[in-house]
J.: 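Pasting a structure here, questions to come.
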Amino acid sequence: MDERTEDQNLPYSVFAKACPSRGTLEHVTGRWGALTLGALHEGSLRFNELRRRVDGVSEKMLSQTLHALERDGLVHREAQPTNPPRVDYELTPLGHEVAERLIGLIQFVEGRMDYVLEARRHYDATRGAR
């Protein structure tokens, strides 16, 4: 009897070293990728608006993150032919699907932070702060 799930029959496996899905997962779940997708979930933003929304990201890191997410088909970049140039970023339909899942995780983590902070206090008290 074959006990493989439907997901196991997919042609891609993030657990395989050479699978291209691993790179996309890194782009989505990395600190700046997740925060960028979460910010764009709220709507289209210009580069500097996005940089302000994702507090702490450098211009270079945000630019690299946006390029990676655009290449993966999650973000759409629209350059307006104005002077000075205006560039807007928004999620693609696939980007919206990914962001929806991330928002759920973000909200879950935010909602459980009291437990996390208590666990950290307990860990630090019993094993010493690192």
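Being a predicted model, the structure only gives us computed values, none of them experimental.
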J.: Decide, yes or no, whether a salt bridge links E118 with R121 under the criterion of side-chain N to carboxylate O below 4.0 Å.
T.: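 Between R121 and E118 there is a salt bridge, with a charged N closer than 4.0 Å to a carboxylate O.
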J.: Do L105 and Q107 have side chains that get closer than 4.5 Å, going by heavy atoms?
T.: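 They are not in contact (no side-chain heavy atoms under 4.5 Å apart), so the answer is no.
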J.: Go through it in stages, so that I can follow the logic: the residues are E49 and R52, the test is side-chain contact (heavy atoms from CB on, under 4.5 Å), and I'd like the CA-CA distance, side-chain angles, deciding distance and then a yes or no.
T.: CA-CA 5 Å; E49 292 171 328; R52 284 189 296 275; 3.6 Å; yes
J.: Testing the basics here: between R22 and V14, what is the closest heavy-atom pair and its distance to 0.1 Å?
T.: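 For R22 versus V14, the nearest heavy atoms are NE-O, 3.0 Å.
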J.: Any donor-acceptor pair under 3.5 Å linking the side-chain atoms of H76 with those of E70?
T.: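 Side-chain D/A pair, E70 to H76: absent.
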J.: Go through the steps for T65 and V57 under the test side-chain contact (heavy atoms from CB on, under 4.5 Å), then give the verdict.
T.: CA-CA 10 Å; T65 298; V57 68; 5.6 Å; no
J.: With a 4.5 Å cut-off on side-chain heavy-atom distances among I, L, V, M, F, W and Y, is there a chain of contacts connecting V109 to L102?
T.: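 Shared cluster, no.
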J.: Would you name the heavy atoms of R46 and P85 that are closest together and state the gap between them?
T.: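 Heavy atoms only, the tightest pair is NH2-O, 4.4 Å.
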J.: Could you state whether V87 and W32 fall into the same hydrophobic cluster, counting links through intermediate Ile, Leu, Val, Met, Phe, Trp or Tyr residues with side-chain heavy atoms under 4.5 angstrom apart?
T.: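 Hydrophobic grouping puts V87 with W32.
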J.: Tell me the closest heavy-atom pair linking A39 and V54, and the distance in Å.
T.: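 Result for this residue pair: CB-CG2, 4.0 Å.
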J.: Salt bridge check, E42 against R53: does any charged N sit closer than 4.0 Å to a carboxylate O?
T.: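 Between E42 and R53 there is a salt bridge, with a charged N closer than 4.0 Å to a carboxylate O.
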J.: Are the side chain of E100 and the backbone of E97 linked by a donor-acceptor contact shorter than 3.5 Å?
T.: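 No; zero donor-acceptor contacts below 3.5 Å.
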J.: Over all heavy atoms of both residues, which pair between L37 and A99 is shortest? Give the atoms and the distance, please.
T.: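 Nearest heavy atoms, L37 then A99: O-CB, 3.8 Å.
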J.: Please name the residue in the list L62, L66, T36 that meets the side chain to side chain contact (heavy atoms under 4.5 Å, CB included) test with Y89.
T.: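 The side chain to side chain contact (heavy atoms under 4.5 Å, CB included) with Y89 is passed solely by L66 among L62, L66, T36.
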J.: Please check if atom NE2 in H96 has more than 12 non-hydrogen atoms from other residues, nucleotides or ligands closer than 6.0 Å.
T.: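 It does: H96 NE2 has more than 12 such atoms within range.
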J.: Donor-acceptor pair, distance only, cut-off 3.5 Å: does the side chain of S63 make one with the backbone of E59?
T.: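 Judged by distance alone, no pair lies under 3.5 Å.
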J.: How many angstroms lie between CZ in F47 and CZ in R51, if you round to the nearest 0.5 Å?
T.: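 Reported value, rounded in 0.5 Å steps: 6.5 Å.
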J.: Do Y12 and V28 share a hydrophobic cluster (ILVMFWY, side-chain heavy atoms under 4.5 Å, transitive)?
T.: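 Y12 does not cluster with V28.
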J.: If we ignore hydrogens and angles and just use 3.5 Å, is the side chain of S44 paired with the main-chain N or O of E90 as donor and acceptor?
T.: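 The answer is no, because no donor-acceptor pair under 3.5 Å joins these two groups.
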J.: Which heavy atom in S13 sits nearest to a heavy atom in S21, and how many Å separate them?
T.: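 Scanning both residues completely, I find the closest heavy atoms to be C-OG, 3.8 Å.
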J.: I'd like to check L91 versus L74 (side-chain heavy atoms, cut-off strictly below 4.5 Å). Are they in contact?
T.: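 A side-chain contact under 4.5 Å is absent here.
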J.: In this structure, would L69 and I103 fall into the same cluster of hydrophobic residues linked by side-chain contacts under 4.5 Å?
T.: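 No, separate clusters.
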J.: Should F15 and L25 be counted in the same cluster of Ile, Leu, Val, Met, Phe, Trp and Tyr side chains packed under 4.5 Å apart?
T.: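 Linked, F15 and L25 end up in one cluster.
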